[in-house]
Amino acid sequence: MEGKTLADRIENYIKWLLKSSSNGIVELQRQELAERFTCVPSQISYVLSTRFTIERGYLVESRRGGGGYIRIARFPLNAEERLREWVHEALGEYLSQEAALELLGRMGEEGLLTRREQLLLEAVINRQALPLELPRRDQVRACIMKAIVLTLMRDDFPGAG
């Protein structure tokens with residue numbers, strides 16, 4: 001694994017565990033991961049908070065303390081019922097440009113958007129295209145992204161369901 005950062009190695013290991021699990025959910029202990037990768041538990045927390053975000057299709061539940069664990073679930077974007085819940089939970093009322101770009105990237109990875117569609121939508125949600133003050137800009141962006149995702153979910157949308 002030359003050339004990979006510690007964060008990359010931790011991320012790849014967790015993704016491998018998720019792919020290997022039958023239900024797309026894994027439970028891990030932060031301390032055990034830290035020992036496996038010879039690092040401090042805060043490095044594990046950093047990887048979880050930056051690479052296993054809801055925008056990237058992950059739900060992370062963390063219980064701290066002696067018997068604490070981390071539960072990570074991967075949600076496929078093509079699971080309609082889960083996606084509807086995910087849209088409301090993930091997008092909420094406000095959405096940063098960075099979070100929206102992560103979501104569009106994930107939709108591209110899942111095959112829900114062509115590269116051209118992804119680039120067009122990235123242009124639409126860009127802060128230069130939304131000349132509003134914060135937090136209004138993030139609110140408008142959240143509305144745009146909800147409309148995009150819900151449109152992609154429609155039964156009559158080409159390639160849907």
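Numbers here simply count residues along the sequence, with the first being 1.
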So which atom in Pro41 and which in Ala34 form the shortest heavy-atom distance, rounded to 0.1 Å?
N-CB, 3.8 Å

Heavy-atom closest pair, residues Gln118 and Leu104:
CD-O, 3.7 Å

Going from CD1 on Ile44 to CZ on Phe37, what distance comes out if it is rounded to the nearest 0.5 angstrom?
6.5 Å

Keeping the roles fixed (side chain from Thr53, backbone from Thr50), state whether a donor-acceptor pair exists under 3.5 Å.
no

Between Arg36 and Tyr13, the two heavy atoms sitting closest are NE-OH, 3.2 Å

Supply the atom-to-atom distance Leu103 CG to Ile148 CD1, rounded to the nearest 0.5 angstrom.
8.5 Å

CG of Leu48 to CD of Gln43, rounded to nearest 0.5 Å, is 10.5 Å

Are Ile10 and Trp16 connected in a single hydrophobic cluster, I mean Ile/Leu/Val/Met/Phe/Trp/Tyr linked by side-chain heavy atoms less than 4.5 Å apart?
yes

Minimum heavy-atom separation for Leu18 and Gly24, please, with both atom names.
CD2-O, 3.4 Å

Heavy-atom donor-acceptor pair, Arg141 side chain to Leu95 backbone, under 3.5 Å
yes

So which heavy atom on Tyr94 is nearest to which on Pro135, and how close?
CD2-O, 3.5 Å

Would you say Val47 ends up clustered with Ile25 if hydrophobic residues are merged whenever their side chains have heavy atoms under 4.5 Å apart, either directly or through other cluster members?
no

Going hydrophobic residue to hydrophobic residue with side-chain gaps under 4.5 angstrom, can you get from Leu33 over to Leu6?
yes

Side-chain heavy atoms of Lys15 within contact of Tyr58, under 4.5 Å:
yes

Hey, what do you get for CG (Leu17) to CG (Asn12), rounding to the nearest 0.5 Å?
11.0 Å

From Asp138 CG over to Arg127 CZ, what is the distance, rounded to the nearest 0.5 angstrom?
8.5 Å

Which atom pair, heavy atoms only, marks the closest approach of Arg137 to Leu132?
NH1-O, 3.3 Å

Who are the side-chain hydrogen bond (donor to acceptor under 3.5 Å, both in side chains) partners of Gln139, not counting sequence neighbours?
Arg136

Asp8 side chain to Thr5 main-chain N or O, any donor-acceptor pair under 3.5 Å?
yes

Find the distance between CG (Leu134) and CD (Gln97) and round it off to the nearest 0.5 Å.
10.5 Å

Is any side-chain heavy atom of Phe52 less than 4.5 Å from a side-chain heavy atom of Arg74?
no

